[in-house]
There are 2 protein chains.
Amino acid sequence: MADYNLKDQVSDKYSLRGRVFHKIREDILNGKYKTGEELREATIGEELGVSRTPVREAFRQLELEGLLKMVPNKGTYVTGITQKDVKDIYMIRSLLEGLCARLATENITDEQMNEMEENVYLSEFHESKGHYDQMAQMDNRFHEILYESCDSKMLEHLLRDFHQYVYRVRKMTLSSEKRGKASNLEHREIMEAIKAGNCDKAEKLANLHMINAYDNMRKNGLIEMFDQDDSAKK
Amino acid sequence: MADYNLKDQVSDKYSLRGRVFHKIREDILNGKYKTGEELREATIGEELGVSRTPVREAFRQLELEGLLKMVPNKGTYVTGITQKDVKDIYMIRSLLEGLCARLATENITDEQMNEMEENVYLSEFHESKGHYDQMAQMDNRFHEILYESCDSKMLEHLLRDFHQYVYRVRKMTLSSEKRGKASNLEHREIMEAIKAGNCDKAEKLANLHMINAYDNMRKNGLIEMFDQDDSAKK
DNA sequence: TATAGGATAATTGTATACAATTATACAGAA
DNA sequence: TTCTGTATAATTGTATACAATTATCCTATA
């Protein structure tokens, strides 16, 4: 029973259903399955070499995660993210990442602090070299560390979900050169505020980090991308 | 496809699985199934007159909602809420209810505003008469209206989940006389701030409302209740 | 041609069967 | 007694079978 959460991740990665779950999830986030696309249980099952049973169980969970929508007796469809959704998510994340940074200031372990520092340095290196893929990975990890450091399973899972949910957007955002540089600087400032034990500053900077990320997306027209494939949705 | 959400509720209430889902969920929240208790798929299925298949699908969703924990090849257990969880939830809710109130100030419809006013008046009436059950219902509805008024499906579902998640606690909280009165007053103030279009005030008051609710719980020793049945968890 | 109706096919929803894993009970040895 | 190993039972994990619902296509008719 040890560990439980508001929205526990699917933990048994090595059961059939666990593999199916993670595979479909990945394929949605990577864009293999497009918004509005219908997923057939039998087809997915064949592709992955399993029967419909584990596929359906995975579908049900992905539905609750908001990536799929199961319409009774009709089919299962990939859900899209609207511009409004993205805006709302960043509004919510701004507050929660702020809270997370505040809590992290009080609860971060030495080990986590070290990894965060290392992350900041490495990311700046990759930025200077133009390694955008690695930067995206570093960015991912920075936030993961932050989430782990706040010592709140509730908050951690909540933020992780949001983080993944906007994955499709973020990938592109970071490849914009200027944002990459600015983002790195903001990470550094947050890291230093946490290290200095200044929770107010850490909270404010984390708030701002999200607002800036969103503003950047908007300015670069990266949001208009959404609400487009909706034609496929009927 | 019309409607999709980060964490959509289980919508097909009238399918077998939908009924199973809502029944089990209710039985957990009402305390019929206790923390740490093991739920057998076959047993639940028999009780509800269905096979294991819909039961398992419901389990998988309840797991993601955090009410159940499925341990591979072992069993499914009712998860508990720890004191820490309650604290974290109220911290998070404080921020999000604040945001919600701010957005509601801008987006509430006349109809919703009327229902909210009516709710406040009715709740004060029930308080004066000592109708605690009705008050609890009114309290529930007040927050529901607030969530609906913010015009953000994301935030609405998030808050609804949290709201339900601490249902077990809140029931008792409101039966404490003093808190009932104070809670009503706070609802009135929030309602009036929204009506006056003062979003800053609405946000602050909603923040405070959650903090007060939590403080009250703590003062009255209603939190020590948790972390108790944990003996069953091994 | 365009439309309505109905047979057929395809897909989802649920039940059941079987495999894999884990729990239980009991016998025997230290 | 207490521990260990093994056989048995119970439970979960997955596959398959069948029922219910929905989509598709063809035909007949205006």
Side-chain angles (χ1 to χ4, degrees), chain A residues 1-4 8-25 28 33 36-64 67-79 231-234, chain B residues 1-4 8-25 28 33 36-64 67-79 231-234:
Chain A
M1 277 296 302
D3 146 313
Y4 50 87
D8 205 343
Q9 301 293 74
V10 172
S11 46
D12 53 339
K13 285 200 181 184
Y14 305 105
S15 69
L16 286 189
R17 185 202 52 86
R19 289 215 315 272
V20 172
F21 177 93
H22 288 283
K23 184 66 168 57
I24 300 174
R25 184 194 172 90
I28 294 173
Y33 301 134
E37 187 170 341
E38 182 171 356
L39 300 186
R40 298 235 168 70
E41 295 168 3
T43 311
I44 302 274
E46 276 172 40
E47 274 176 31
L48 303 179
V50 300
S51 78
R52 284 174 53 216
T53 309
V55 174
R56 272 183 72 88
E57 290 187 20
F59 276 15
R60 288 249 106 97
Q61 296 193 292
L62 288 163
E63 177 181 34
L64 222 64
L67 294 173
L68 295 179
K69 170 81 179 170
M70 294 181 86
V71 181
N73 283 311
K74 293 195 78 178
T76 299
Y77 308 89
V78 178
T79 60
S231 56
K233 287 202 256 170
K234 180 185 58 104
Chain B
M1 278 296 301
D3 147 313
Y4 50 87
D8 204 343
Q9 301 293 75
V10 172
S11 46
D12 55 338
K13 285 201 183 185
Y14 305 106
S15 71
L16 286 189
R17 185 202 50 86
R19 289 215 315 272
V20 172
F21 177 93
H22 288 284
K23 184 64 168 62
I24 300 175
R25 184 195 172 89
I28 295 173
Y33 300 134
E37 188 170 341
E38 182 171 358
L39 300 186
R40 299 237 167 70
E41 295 168 3
T43 310
I44 303 275
E46 278 173 38
E47 273 176 30
L48 303 177
V50 300
S51 78
R52 282 173 53 214
T53 309
V55 174
R56 272 183 72 89
E57 290 187 19
F59 275 16
R60 289 249 105 98
Q61 296 192 291
L62 289 164
E63 176 180 35
L64 221 65
L67 293 174
L68 295 180
K69 170 84 181 170
M70 294 180 85
V71 180
N73 283 311
K74 291 195 77 179
T76 300
Y77 307 88
V78 179
T79 60
S231 54
K233 288 201 253 170
K234 181 182 56 102

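Lettering follows sequence order; numbering is per chain, from 1.
- Contact between the side-chain N/O atoms of B:Arg56 and the OP1/OP2 oxygens of D:dG13 is found at a separation under 4.0 Å.
- Of the candidate nucleotides C:dT16, D:dT14, D:dT11, C:dT16 has the atom nearest to the side chain of B:Ser51.
- To the nearest 0.5 Å, atoms CD1 (A:Ile28) and CD (A:Glu37) are separated by 9.5 Å.
- By the 4.5 Å heavy-atom criterion applied to side chains, B:Leu48 and B:Arg19 are not counted as neighbours.
- One can place CD of A:Glu41 at 16 Å from P of C:dA10, the figure rounded to the nearest angstrom.
- In this model, the phosphate group of C:dT14 is not approached by any side-chain N or O of B:Thr53 to a distance below 4.0 Å at OP1 or OP2.
- The nearest whole Å value for the distance from the CZ atom in B:Arg19 to the P atom in C:dG13 is 15 Å.
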| task | Any chance you could list the contact pattern along nucleotides 18-24 of chain C? Use B for base contacts, S for sugar-phosphate-only contacts and - for none, protein heavy atoms under 4.0 Å, 5' to 3'. | result | ---SSS-
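- Whole-Å rounding puts the A:Glu46 CD to C:dT11 P distance at 10 Å.
- Between B:Arg40 atom CZ and D:dG13 atom C1' there is a gap of 16 Å when expressed in whole angstrom units.
- Nearest heavy-atom pair, B:Phe59 versus B:Leu68, reported as atom, atom and distance to 0.1 Å: CD1-CD1, 3.7 Å.
- Between the side chain of A:Glu41 and the backbone N or O of A:Val55 there is no donor-acceptor pair closer than 3.5 Å.
- Regarding B:Glu38, its CD atom lies at a distance of 14 Å from the P atom of D:dA10, rounded to whole Å.
- Here the OG1-CD distance, from A:Thr76 to A:Glu38, works out to 7.5 Å after rounding to the nearest 0.5 Å.
- Rounded to whole angstrom, the span from the CD atom of A:Glu57 across to the P atom of D:dT12 amounts to 12 Å.
- Residues A:Arg17 and B:Arg60 have side chains in contact (heavy-atom distance under 4.5 Å, counting atoms from C-beta outward).
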